[in-house]
Novice: 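The structure that follows is given in the form of structure tokens.
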Protein chains: 2
Amino acid sequence: MKVVFIGAGNVATRLSLEMQRVGFQIEQIYSHTEGSAALLAEQLGCSWATQVSHLIDDADLYIFSLKDAVLESVIRSVTPNKGLWVHTAGSMPLSVFEGHIERYGVLYPLQTFSKERPVNFNNIPFFLETSLDEDADFLKNIASALSGNVSFLTSEQRSRLHLAAVFVCNFANHMFALGSKIVKEYGIDPAVLLPLIDETTAKIHSMSPQQAQTGPAVRYDENVIERHLSLLADEHLKIIYQTISQSIYKESTHE
Amino acid sequence: MKVVFIGAGNVATRLSLEMQRVGFQIEQIYSHTEGSAALLAEQLGCSWATQVSHLIDDADLYIFSLKDAVLESVIRSVTPNKGLWVHTAGSMPLSVFEGHIERYGVLYPLQTFSKERPVNFNNIPFFLETSLDEDADFLKNIASALSGNVSFLTSEQRSRLHLAAVFVCNFANHMFALGSKIVKEYGIDPAVLLPLIDETTAKIHSMSPQQAQTGPAVRYDENVIERHLSLLADEHLKIIYQTISQSIYKESTHE
């Protein structure tokens, strides 16, 4: 099966390398950034293009891994062909392909990817959607070659999943970043926070995050909260602290 | 060495059980809640008390593991003796003991504890402080029997560390809770988020959280942000989303 990637960013890099590893034939990488296209194509040992007009037209699968903002316009700039076209974006609906091509779908891996960091695909949940029923099995077989956790989801559900992913990944990571910043300012190595961060994550494998919630905000301990606010010189950190503490308290009293 | 615990909550439970495991003799548990005192004492096979007047006065070490709000008043209700008194609170200064007793200190384990969940103590960072220089080695030996990661820190630095811990543990966990809530509302099992959460945490062992930051907020992708806000019916979730997204953007442009 011949595969073309449109995009050479974090998702395209990790997904193409993994697909090649499990036996797919990656034929071509497209990116409007020559450096990115060439770098990924070199790792894969395939050809690359920086103009959509140079894309091969006889691949079986075209994977669009692009920023949301340009996804639709790039799709519509590619000449329609007989392959299955899919995108990998959590927050973009299936309908971005509508009216341009017959066979299309979504192949959404729920994971955070960095170009430089290999990740185990086996347990990554993949969420699929196809325009034609007859392509459902075809796409499912592709995803199942990568992961043991594959299911179908509507665009609407997927957009919620992506929103949830922003909370548990991007926002949680930002909390790690702010915590690291606070200790660094006082000459403490942020690595001391790692065992705590690891345990915070490990905990929610055996209890729900609601049950695992600890700290001054759950009981709205105003003494500690006031002391913490007085330690935060930065006004935007104060607002973050207050907003999240109030939310923790609100969610805990809901139970 | 005889040890008495004043408190029978999450920290007292895990710390006393671990101290007993590595060979310390836990003599007595005090808690004003009879059920908590009896439960922990039973696990340890030691005596318990619900009145401070029943505390034994010849222990070598008294560990106060209490809520911040009651710590000082409980300390001051206990008759002074010759033992070393320490508390385990990140945000409380050494000076809560001042004027009441001669030998005192702090034994702060930077970790999140739950009564029911055993945790590996070996790599928990312990931060110490003592009133008397001659007690520093005594307390360091105690902590070193529990963990390979022991150091001294002033009350001021410790309070910053505790503040950082609130961000990376309590606040990050709340992001896990909100993400789980969002997917549950759409009939999706929140367990699908676990591989993403695990990778988010694993990532920052090999790069800084600043470098690991991904998602719509870093590039302030207004299309995605607006779409996400429109999906959030709950006003307080909208505020959380906006506040943290702005903070991510602000921190990333600082680099």
Side-chain angles (χ1 to χ4, degrees), chain A residues 68-69 91 110-112 119 123-125 157 159-161 163-180 182-183 186 188 192-201 204-205 209-210 212-215 217 221 223-224 227-228 231 236 239-240 243-244 247-248 250-251, chain B residues 68-69 91 110-112 119 123-125 157 159-161 163-180 182-183 186 188 192-201 204-205 209-210 212-215 217 221 223-224 227-228 231 236 239-240 243-244 247-248 250-251:
Chain A
D68 289 5
S91 66
L110 180 59
Q111 189 50 285
T112 171
V119 53
N123 66 350
I124 297 178
Q157 284 179 305
S159 69
R160 259 75 186 192
L161 199 57
L163 173 60
V166 166
F167 278 86
V168 305
C169 173
N170 305 156
F171 289 0
N173 181 72
H174 188 55
M175 298 303 120
F176 303 154
L178 293 179
S180 301
I182 289 166
V183 299
Y186 286 85
I188 301 167
V192 300
L193 298 171
L194 288 175
L196 174 60
I197 291 171
D198 290 344
E199 173 64 11
T200 301
T201 301
I204 62 162
H205 283 257
Q210 285 80 2
Q213 193 68 58
T214 56
D221 185 334
N223 286 328
V224 179
R227 219 176 311 126
H228 279 166
L231 291 176
H236 103 267
I239 291 167
I240 293 258
T243 308
I244 300 177
S247 178
I248 289 174
K250 184 174 177 298
E251 292 292 324
Chain B
D68 290 4
S91 66
L110 180 60
Q111 189 49 285
T112 171
V119 52
N123 66 349
I124 296 178
Q157 283 179 306
S159 68
R160 258 77 185 191
L161 200 54
L163 174 60
V166 166
F167 278 85
V168 305
C169 173
N170 305 154
F171 289 0
N173 181 73
H174 188 55
M175 298 304 119
F176 302 155
L178 294 178
S180 301
I182 289 166
V183 299
Y186 286 85
I188 301 167
V192 299
L193 297 171
L194 288 174
L196 174 60
I197 291 172
D198 290 344
E199 174 64 10
T200 302
T201 302
I204 61 162
H205 284 257
Q210 285 80 4
Q213 192 69 57
T214 55
D221 185 333
N223 287 328
V224 180
R227 218 175 313 126
H228 279 166
L231 291 176
H236 104 266
I239 292 167
I240 293 257
T243 308
I244 300 177
S247 178
I248 289 173
K250 183 175 179 294
E251 292 293 325

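Every chain is numbered from 1 and lettered A, B, ... according to where its sequence line falls, protein lines coming before strand lines.
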Novice: Output the option from A/Thr243, A/Val119, A/Asp68, A/Thr112 having the highest count of non-hydrogen pairs under 4.5 Å with chain B.
Specialist: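 Looking at each of A/Thr243, A/Val119, A/Asp68, A/Thr112 in turn, A/Thr112 comes out on top.
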Novice: Is it the case that A/Ser159 and B/Arg227 place a side-chain donor and acceptor less than 3.5 Å from each other?
Specialist: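 Absent: no donor and acceptor within the cut-off.
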Novice: Go through A/Gly215, A/Ala165, A/Cys169, A/Ala217 and name the one with the most non-hydrogen pairs under 4.5 angstrom from chain B.
Specialist: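 Max contact count across the listed options: A/Cys169.
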Novice: Name the option with the most non-hydrogen atom pairs under 4.5 Å to chain A; the candidates are B/Thr214, B/Asp221, B/Ile124, B/Asn123.
Specialist: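 Top count of heavy-atom pairs under 4.5 Å with chain A: B/Thr214.
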Novice: Return the CG to CD distance between A/Asn173 and B/Glu199, rounded to the nearest 0.5 Å.
Specialist: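 The distance works out to 11.0 Å.
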Novice: Tell me if a side-chain donor or acceptor on A/Asn223 pairs with a main-chain N or O of B/Ala69 at a distance below 3.5 Å.
Specialist: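 No, because the side chain of A/Asn223 does not come within donor-acceptor range (under 3.5 Å) of the backbone of B/Ala69.
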Novice: Can you tell me if A/Gln213 uses its side chain to pair, donor with acceptor, with the backbone of B/Asn170 under 3.5 Å?
Specialist: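 Yes; at least one donor-acceptor contact below 3.5 Å.
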Novice: Under a 4.5 Å cut-off applied to non-hydrogen side-chain atoms, are A/Val166 and B/Val224 in contact?
Specialist: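 Side-chain contact under 4.5 Å: no.
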Novice: Between CD1 of A/Ile204 and CG of B/Asp198, what distance do you get to the nearest 0.5 Å?
Specialist: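 Answer for the CD1-CG pair, A/Ile204 versus B/Asp198, is 7.5 Å.
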Novice: Of the non-hydrogen atoms in A/Ala164 and B/Val183, which two are nearest, and what is the gap between them?
Specialist: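 Smallest heavy-atom distance, with atoms named: CB-CG1, 3.4 Å.
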Novice: Find the distance between CG (A/Leu163) and CG (B/Leu231) and round it off to the nearest 0.5 Å.
Specialist: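 Between A/Leu163 CG and B/Leu231 CG, I get 6.0 Å after rounding to 0.5 Å.
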Novice: Between B/Tyr186 and A/Leu161, is there a side-chain heavy-atom distance shorter than 4.5 Å?
Specialist: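 They are not in side-chain contact.
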Novice: Between A/Ile188 and chain B, with a heavy-atom cut-off of 4.5 Å, which part of the residue counts as in contact: side chain, backbone, both or neither?
Specialist: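 Just its side chain gets close to chain B.
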Novice: Contact part of A/His236 toward chain B, heavy-atom cut-off under 4.5 Å: side chain, backbone, both or neither?
Specialist: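 Answer is side chain: those atoms of A/His236 sit under 4.5 Å from chain B.
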Novice: Which answer fits B/Val192, side chain, backbone, both or neither, if we ask what part of it has an atom under 4.5 Å from a heavy atom of chain A?
Specialist: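 Both parts, heavy atoms under 4.5 Å.
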Novice: To check you understand the geometry: which heavy-atom pair defines the closest contact between A/Phe167 and B/Met175, and what is its length?
Specialist: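 Closest pair (atom of A/Phe167, atom of B/Met175, distance): O-CB, 3.3 Å.
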Novice: Quick one: are B/Ser247 and A/Leu178 in side-chain contact, heavy atoms under 4.5 Å?
Specialist: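 Result yes, sub-4.5 Å side-chain heavy-atom pair found.
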Novice: Can you find a side-chain donor-acceptor pair between B/His228 and A/Ser91 that sits under 3.5 Å?
Specialist: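 Judged by distance alone, the side chains do not pair up.
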Novice: Working to the nearest 0.5 angstrom, can you tell me the gap between B/Ile239 CD1 and A/Ile239 CD1?
Specialist: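 Reported value, rounded in 0.5 Å steps: 11.5 Å.
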Novice: Given A/Thr201, which partner from the list B/Leu194, B/Ile197, B/Thr200 fulfils the side chain to side chain contact (heavy atoms under 4.5 Å, CB included) test?
Specialist: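 Exactly one pass, corresponding to B/Ile197.
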Novice: Side chains of B/Leu110 and A/Leu193: does their closest heavy-atom pair fall under 4.5 Å?
Specialist: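 A side-chain contact exists here, since the closest heavy-atom pair is under 4.5 Å.
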